Amino acid sequence: MTMTFTEYFEQTDTITIAQQLLGKQLFYQGPAGLLSGYIVETEAYLGEKDQAAHAFAGHRSAKNEALYHAGGTIYIYTIYGQFLLNVITQPEGVPQGVLIRGLQPNLGQEVMQLNRRQPRSVFDLTNGPGKLMAALGIQDLSLNLQSYATSALTLSLTMEKRPLAVNAAPRIGIGDKGIWKAAPLRFYVAHNPFVSKMPKRAMNLENYGWQS
DNA sequence: ACTATGATAAGCT
DNA sequence: GCTTATCATAGTG
C-alpha cells in the first residue's frame with residue numbers, strides 16, 4: 001500500500017500517528033552524507049485544547065506557524081538553545097503535531113558521533129529531542145515550515161521495524177498543566193536503549209525491543 | 001533540554 | 001572497599 005504524506009498525516013488522529021511513527025525511519029540528507037535512524041520515542045500534542053501545546057487556546061505566532069500548516073509539515077522550535085523536531089498532523093488550520101524524542105541511529109552513526117559534543121555511550125547519542133537534532137547536525141531553523149515530502153529531511157512510511165511493545169507515559173517537561181501533565185501522550189518502544197531516560201536495567205540489549 | 005556535579009543506593013571482586 | 005547506577009540540584013539560552 002502506498003500512501004502520500006498528506007494522507008498519512010491527515011487521515012487519522014494524532015495519537016494514532018504518534019504510535020505508528022515508532023519504527024519508521026527518519027532520513028536527513030546532510031552536508032556530510034545521508035544520516036538516518038529509527039524513531040523510538042514520540043509525544044502527541046493535541047492543539048487548542050491541549051494546555052501543554054504551543055497552540056493552546058489558539059495561540060499563533062511566527063514561531064509556531066508551522067502547527068497551522070498541512071499534515072507532513074516540518075515544525076522545528078528551540079528551547080534553551082536546543083532544536084526540537086516535530087511532524088505536523090491534521091489538515092491545515094488544525095494545529096496538532098508529534099514531537100520526535102528518540103532515534104536509534106542507522107546510517108551515518110559515525111557522523112552523528114562527531115556532531116555530538118560528548119556522548120557517554122552510543123546510547124547517549126540520540127536519546128532525547130535536542131540530542132538527536134545535534135547528532136543529525138541540524139542546528140538552525142532553515143527546515144522549519146518545509147515538508148517531509150520535499151525537503152532534505154524525510155521519513156519512510158513503509159520501511160519499518162516493528163516494536164514488540166509500545167509503552168504510553170506522561171509527556172516530559174510538562175509543568176502544571178492540569179490533566180494534561182499526566183495525560184499518557186508519550187509513546188516509546190519498550191526496552192529500547194535509545195529512549196530518553198530509559199534506565200539501564202530496563203534496556204533489552206538483545207533485540208532493542210523490536211520484533212525479530 | 002542538556003550538561004555537570006554531588007549524594008545515595010545497589011552491585012561486585 | 002571499590003565500582004556502577006539512580007536520583008537530586010544547579011547552571012545554562
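Chain letters run A, B, ... following the sequence lines, proteins first and then strands; every chain starts at 1. Everything numeric in this text was worked out from a predicted model, so none of it was measured.
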Starting at [atom1] of [X] and ending at [atom2] of [N], how long is that distance when rounded to a whole Å?
X        : N     : atom1 : atom2 : result
A:Lys200 : C:dT4 : NZ    : C1'   : 8 Å
A:Asn127 : B:dT3 : CG    : P     : 9 Å
A:Met198 : C:dA5 : CE    : C1'   : 16 Å
A:Gln82  : B:dC2 : CD    : C1'   : 5 Å
A:Asp124 : C:dT4 : CG    : P     : 17 Å
A:Glu41  : B:dA1 : CD    : P     : 9 Å
A:Leu84  : B:dA1 : CG    : P     : 7 Å

Of the nucleotides [options], which one has an atom closest to the side chain of [X]?
X        : options              : answer
A:Pro129 : C:dG13, C:dC7, B:dC2 : B:dC2
A:Tyr80  : C:dG13, C:dT6, B:dT3 : C:dG13
A:Arg116 : B:dA1, C:dA5, B:dT3  : B:dT3
A:Pro199 : C:dT6, B:dA4, B:dC2  : C:dT6

In terms of side-chain heavy atoms, does A:Thr14 have a donor or acceptor partner in A:Gln96 at a distance below 3.5 Å?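 Side chains of A:Thr14 and A:Gln96: pair found under 3.5 Å.
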In terms of side-chain heavy atoms, does A:Ser156 have a donor or acceptor partner in A:Gln25 at a distance below 3.5 Å?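 No - no donor-acceptor pair under 3.5 Å links their side chains.
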Can you see which heavy atom on A:Leu157 is nearest to which on A:Met3, and at what distance?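 Smallest interatomic distance, heavy atoms only, reads CD1-O, 4.1 Å.
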Between A:Lys181 and A:Asp176, does at least one N-O distance fall below 4.0 Å, as a salt bridge requires?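 No salt bridge links A:Lys181 with A:Asp176.
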